[in-house]
Amino acid sequence: MSLPPGFLDELRTRISLSQVVGRKVMWDQRKSNQGKGDMWAPCPFHQEKSASFHVDDRKGFYYCFGCHAKGDAVTFVRETENVGFMEAVEILAREVGMQMPARDPKAQEKADRRTQLAEVMEQAVQHYRLQLNTGAAAEARDYLAGRGLPPEAQARWDIGFAAPGWQGLWDHLRGKGVPEDLIMAAGLAKASTRDNGRPYDTFRNRIMFPIRDARGRAIAFGGRAMDPSDNAKYLNSPETELFDKGRSLYNHGPAREAAGKGAPLLVAEGYMDVIALSEAGFGATVAPLGTAITEDQLQLLWRIAPEPIIALDGDTAGLRAAMRLIDMVLPQLEAGKSLRFAIMPAGKDPDDVIRDGGAGAMQKVVDAAQPLVNLLWQRETEGKIFDSPERKAALDKSLREAIRKIPDPSLKKHYGDEINRLRWELFRGNRGSDRPANDRGAPRRGFGEGGQSGFGRGNGRGFGRDFTPGATPGLRASVLAAEGTAVEDQVREAVIFAVLLTHPHLLPEIAGELEGLHPANPDHARLQMALLRHAGAEPAELRDLVAQETGAETLEKLFAQSHIAVIPAVRHPHDSETALLCLAEEFAKLEARRGAEREISEAMQDIDRLADEGLTWRLSQAALAKQRAETGSQEDTTEYDTAPTGAKMSRDERSAFDALIAKIEFKKPGRKST
């Protein structure tokens with residue numbers, strides 16, 4: 001069976017090689033960089049302990065530096081599942097929801113035709129390039145120069161010009177012997193009922209931008225009109241056997257390569273924005289082709305980078321496009337895959353920002369890019385007044401409906417936490433102590449006033465209303481400066497870090513719990529990140545690696561605390577069972593107390609709506625749960641009996657005592673008992 005043209009290309013675009021390979025290997029966390037799609041593991045094809053097997057997720061290829069095995073997702077499935085080529089394709093197609101095509105005896109013929117169409121497109125690119133140097137293109141050259149594109153940049157982007165005549169390209173290609181049906185099929189000409197039915201050029205009097213696929217083949221054109229009265233300022237090629245507008249990105253291949261080298265992936269609105277950004281040093285820039293981003297394009301973007309930055313024009317249309325994008329993106333979100341939004345100054349596009357302030361000005365805008373949740377919050381609150389219970393309830397309803405679209409339960413929870421925090425800032429931000437106890441230290445800022453926010457409830461930072469301006473960083477970071485239950489949290493966190501550093505072989509078992517710790521103490525936060533980053537290291541090397549990253553003084557400060565020195569799990573470095581029990585207890589106590597505080601925080605929010613007996617009962621139950629979490633391990637559950645003297649004795653101890661008395665025989669020495 002032969003596959004139709006483009007099927008394998010689309011399959012490889014949709015599939016994630018790291019996900020396919022990840023089912024067979026354990027990734028080396030020290031060498032791997034998931035954000036860049038650069039993954040390493042011991043090779044599944046030969047026995048080894050070192051991580052010599054490399055997966056380049058963005059390019060879709062793997063290679064082993066030990067046994068030299070190499071290939072793509074199809075090859076990997078063939079080798080590991082011991083199946084044939086077509087069966088491997090079917091397995092992968094099912095995973096990404098692609099329908100296997102019916103048997104097509106003419107598949108090779110179609111593949112040959114696509115190759116021919118690509119060759120015709122390249123001939124058109126060269127023709128348009130030559131036309132840019134003619135007298136008819138003087139106005140176009142002036143326009144490009146005015147946009148800051150010298151001839152060298154025009155050549156890099158293969159920018160050309162379509163002359164005003166009706167059959168310029170048609171006559172050129174026919175003179176080269178290109179068949180009429182190929183010119184028409186490539187979308188370069190259209191049929192006409194006039195002039196004896198002679199076809200006419202699709203593009204006339206326009207600056208031409210070649211659109212290439214991820215492999216670099218010219219598949220379409222975008223043309224900017226030079227005539228101000230033209231109905232279409234920008235015009236794309238019609239969809240053809242080569243070109244699917246909703247599944248293509250302008251500058252796809254070069255952007256993928258630049259993103260693989262660490263550049264942030266930017267998504268601009270048009271060709272000129274992409275070119276201006278790339279020429280200014282932002283090489284990982286793409287653009288959808290004259291339409292809103294489609295689901296297929298979103299998946300293409302995530303294959304390039306996990307968190308693309310949408311560069312929006314600072315006008316009403318740009319913001320409207322972003323707001324529409326939110327509803328499409330929410331159902332597609334996954335852990336580690338999202339969007340950020342860089343909003344240009346009012347009335348400007350990226351090209352304007354670069355021309356006015358250079359690459360530095362654009363970098364500031366990119367650095368200030370905001371997370372998707374902030375755009376969602378802005379959409380639901382901007383320009384609205386919430387001065388009544390009904391309006392507040394309407395806001396809550398719309399936000400719940402939006403968050404409900406997120407399929408990942410964990411991600412949905414974090415969105416809820418952040419929306420919860422933003423809601424408190426909106427309704428109670430100026431009321432000081434009215435903020436929930438575990439949120440008093442959260443940044444008091446509105447939308448758009450800074451970088452990425454935290455997760456909201458249970459993740460406060462700082463020291464709340466008792467914070468004293470002018471205190472030193474060392475004092476603010478100390479346990480003594482922590483407020484309320486934060487002291488207990490920091491003590492328990494210190495125990496966890498000390499035990500893990502003493503028993504490093506336990507780290508892989510509790511890495512998930514450690515990731516959700518969210519420490520407020522800066523030293524603890526650094527220790528957490530260092531431990532997670534080196535979770536795959538050899539146990540004997542872990543402590544040295546952490547010390548190199550956080551500084552030896554951080555570890556010295558940790559182990560110098562008096563309560564750390566007396567912990568059995570620290571005093572006995574070879575007692576793994578005690579260490580594991582200690583870690584389980586500390587994590588359980590932290591989660592129990594924080595969970596109780598979250599319940600109290602949520603109940604407190606309902607005061608804005610209605611304070612009734614149900615709310616009172618909910619608060620009392622939450623407070624009771626919190627008390628039990630904090631004192632449960634110390635609660636005396638022993639049953640006592642009261643003696644005639646009034647003294648209390650453990651029932652278990654009394655039973656044991658009575659049994660012992662019953663066994664004793666009272667007799668004098670030398671006398672037989674009767």
Side-chain angles (χ1 to χ4, degrees), residues 1-28 32 34-48 51-111 114 213-215 241 244 246-249 252 256 260 294-306 331-337 407-408:
M1 173 181 175
S2 297
L3 295 170
F7 183 85
L8 284 178
D9 285 344
E10 183 175 352
L11 178 62
R12 291 186 177 105
T13 298
R14 291 193 186 188
I15 202 74
S16 170
L17 180 58
S18 64
Q19 291 180 2
V20 174
V21 176
R23 295 193 291 265
K24 302 290 185 179
V25 303
M26 291 292 292
W27 299 118
D28 186 317
S32 299
Q34 187 174 5
K36 295 182 178 181
D38 185 38
M39 309 298 289
W40 294 83
C43 180
F45 300 114
H46 76 284
Q47 296 297 322
E48 65 167 0
S52 64
F53 186 78
H54 179 229
V55 170
D56 190 326
D57 205 21
R58 290 180 177 149
K59 294 182 179 179
F61 288 97
Y62 65 82
Y63 180 75
C64 177
F65 289 87
C67 68
H68 307 293
K70 60 182 179 181
D72 60 4
V74 177
T75 309
F76 188 84
V77 172
R78 289 182 63 188
E79 297 295 333
T80 57
E81 303 292 341
N82 194 25
V83 296
F85 175 81
M86 291 306 303
E87 190 174 353
V89 172
E90 290 177 4
I91 291 172
L92 294 174
R94 282 197 301 270
E95 289 189 14
V96 297
M98 288 180 64
Q99 184 70 34
M100 283 294 291
R103 183 178 296 275
D104 185 0
K106 296 185 177 181
Q108 186 58 48
E109 181 181 335
K110 291 182 178 180
R114 287 171 61 87
D213 64 11
R215 295 162 57 185
E241 298 170 54
D244 185 335
R247 295 180 178 177
S248 303
L249 295 169
H252 186 171
R256 182 176 63 182
T294 66
E295 291 185 12
D296 290 321
Q297 287 172 330
L298 180 62
Q299 295 301 322
L300 288 176
L301 293 172
W302 280 338
R303 287 294 309 279
I304 299 173
Q332 313 295 324
L333 291 180
E334 301 176 24
K337 289 184 178 180
D408 186 319

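As a basis for the values below, the full set of heavy atoms in this structure was taken, side chains included, without hydrogen atoms, waters or symmetry mates.
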Can you list the steps and then say if Arg14 with Gln299 is a side chain to side chain contact (heavy atoms under 4.5 Å, CB included)?
CA-CA 7 Å; Arg14 291 193 186 188; Gln299 295 301 322; over 6 Å; no

Please check: side-chain N/O of Ser52 versus main-chain N/O of Cys64, any donor-acceptor pairing under 3.5 Å?
no

Say whether Asp57 and Ser16, considering side chains only, have a donor N or O and an acceptor N or O under 3.5 Å apart.
yes

Closest heavy-atom pair, Ala73 versus Ile15, reported as atoms and distance to 0.1 Å, is CB-CG2, 4.0 Å

Mind running salt bridge (Lys or Arg N to Asp or Glu O under 4.0 Å) on Glu79 and Lys24 for me, showing each step along the way?
CA-CA 12 Å; Glu79 297 295 333; Lys24 302 290 185 179; over 6 Å; no

Correct closest heavy-atom pair for Gln297 and Ser248 would be NE2-O, 2.9 Å

Flag for His68-Tyr63: side-chain donor and acceptor within less than 3.5 Å:
yes

Do Thr294 and Arg247 have side chains that get closer than 4.5 Å, going by heavy atoms?
no

Could you check Asp38 against Arg58 for side chain to side chain contact (heavy atoms under 4.5 Å, CB included), going step by step and ending with a plain yes or no?
CA-CA 8 Å; Asp38 185 38; Arg58 290 180 177 149; over 6 Å; no

Would Leu301 and Leu249 count as a side chain to side chain contact (heavy atoms under 4.5 Å, CB included) here? Give the steps.
CA-CA 9 Å; Leu301 293 172; Leu249 295 169; 3.8 Å; yes

Shortest non-hydrogen contact from Asp72 toward Leu17:
C-CD1, 4.1 Å

If you define the side chain from C-beta out and look only at heavy atoms, does anything of Lys70 sit under 4.5 Å from Phe61?
no

Over 60° means perpendicular and under 30° means parallel, so tell me whether Phe76 and Phe53 are parallel, tilted or perpendicular.
tilted

Would you say Lys337 has more than 12 foreign heavy atoms packed within less than 6.0 Å of its NZ?
yes

